[in-house]
Amino acid sequence: MALKELSSLEKFLGLKKHNKYSTQGDNKVPVLQSNNGPVVGLLTVCSHLVNEAKRPELLGSSTEHRAMVHQWLEYRVTKVDGCGREEVKTVLKDLNLYLQDKVYLTGNCFTLADALMYYGLHPLVVDLAVHEKEQYMNVTRWFDHLQHYPGLRHHLAPVVVLRNRVYTSGHH
Amino acid sequence: MKLYISEGNPHCLKVLAAVEQTLVQCDVQCVIHEERGGPFLSRPALPALLLPSGHHLFSSNAICQYLFETSGQKPHTLINQWLEWETTELQPALLQALHMAVLQGKATEASKILQRPLSYLDQCLSKGTTPYLTAETVSVVDVVLWGALHPFLSDSSPALGEWKSVQAWFERLAGEKACQAAAQRVLPGKSLEALKSFMQRQPAPHSSQRRGAESCNSTP
C-alpha cells in the first residue's frame, strides 16, 4: 500500500528517477536509500520527495501553514491508517465537520496533506454506501475534487460520486 | 496566540517545554481535561494551540515543531524522521505501557513493552556524535522525546541501567530549565500517579492495530 502510494506520488511530482524502496519492521515502514543515507517513514520519505521535486510549497508556504500540513499528515498515519469500523465513523464525522468551509485540508491550496489523506481515505470511501456518501458530503465533495486533481489518482480506482446531490446539498 | 494545556496530560509536557525552550510569546491557559480542543474533533484533544490566523493545532508534535520553527529552527529530514518515529512507533508502545503501569499496576510488564523503542533510541544515541539527538544543542526532537518518555523514565530510572546512552541523554535534558519547569507544572510529584485521571479517560489501547507494539509484549 505505502509503496504504491510512493510510486504514485513520484509520478504526480513528475520525478524522472523512480526510486527503489525497502521496508523495515513489522509495520512495514518504507525506507528510501538517498545519497545522504537512509530516509525512514512514509511521511518523511514523502516530504523528501517533495523537496527533491523542488515543490516546497506542498509542505506549506509559511511556518503556520507548515504546522497545519504536519498535523494532517500525522492525522493520516495515526488516525486513518488501520482504523477499525467504529473509528472510521469518527474519522469521517470529524473530517466532514472540519471540511465544511474548506476547499483543501489546510485552507485554499493543495498540499501534500491532501494527497496523502486522499490515498489513505480511498479504501474507506470505496466502501461507503450512497447514503453514507451523502451523510459525509463535505468529505465526499473534497474526495471527488481530489480524485480529479491532475495527475494524483494513478494507482487508485475512481469512486463514483453522484455529483449533483453532493454539490447542490452543500449550498444553504 | 493561546496554548491550552491540562495538568496530568503527558502530551502537554512537550509543548510546555517547547514554549519554555524557544521563549516564543504565547498565552498558556490551564484547563480541565475535556473542556477544549480543536472545534471539530469528537474527542477533544489537549494540548491545543490557537494560531494567530484562528486555526487550531491539536497535534502536540506539530505544535512543538511550530514553536521551534518560529524561533528559527528549520525542519529537515532527520527532524521529520524522528518526529514520525515518535508518533508511529514510540507513542503506541507508550500508550500501552502507561495503561499497564498506571491503571493495572504492572510496571515490570510495562517496561518490557518499551524495550524495543528504548533499545533503538539507545543505539542511535550511542552511534551519534552529538550530545543531543540531531545537533550540538537541544532541538524539537529532544524536547518531544523527553516529554514522551518523562512520565516513565523519571519514575523508573533504575530500569534505565541497561540503556546507558538514553540515561545520559535523558539526564542532560532533565537538567534543562525548560524541561524542569514543564514537568513541575504538568506532572508535579510522582509522574505516573499524576497521570491516572488522564489515562482513565483514554480508550484502552488495542494491540491488534499496531503489530509492532504487540510483538514487544511478552505477556501472552
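Proteins get letters first, then strands, A, B, ... in listed order; numbering begins at 1 in each.
If you tally non-hydrogen atom pairs under 4.5 Å between each of A:N36, A:V39, A:N51, A:N96 and chain B, the highest count goes to A:V39. The greatest number of non-hydrogen atom pairs below 4.5 Å with chain B, out of A:H70, A:Q71, A:H48, is found for A:Q71.
Under the side chain to side chain contact (heavy atoms under 4.5 Å, CB included) test applied with A:V139, the options A:L128, A:L95, A:V91, A:D94 reduce to a single match, A:L95. Just one of A:D114, A:L13, A:V69, A:L49 meets the side chain to side chain contact (heavy atoms under 4.5 Å, CB included) condition when paired with A:L58; it is A:L13.
In this structure, B:W85 has its ring center closer than 6.0 angstrom to the ring center of B:Y120.
Interface remark: B:L83 contributes side-chain atoms only to the contact with chain A (heavy atom separation under 4.5 Å). B:E84 touches chain A through its side chain: at least one heavy atom from C-beta onward sits under 4.5 Å away, while N, CA, C and O do not. A:S47 touches chain B through its side chain: at least one heavy atom from C-beta onward sits under 4.5 Å away, while N, CA, C and O do not.
Between the side chain of A:E10 and the main chain of A:N19, a donor-acceptor pair closer than 3.5 Å is present.
Listed by chain and number, the residues in a side chain to side chain donor-acceptor pair (under 3.5 Å) with B:E69 are A:R66 (sequence neighbours excluded).
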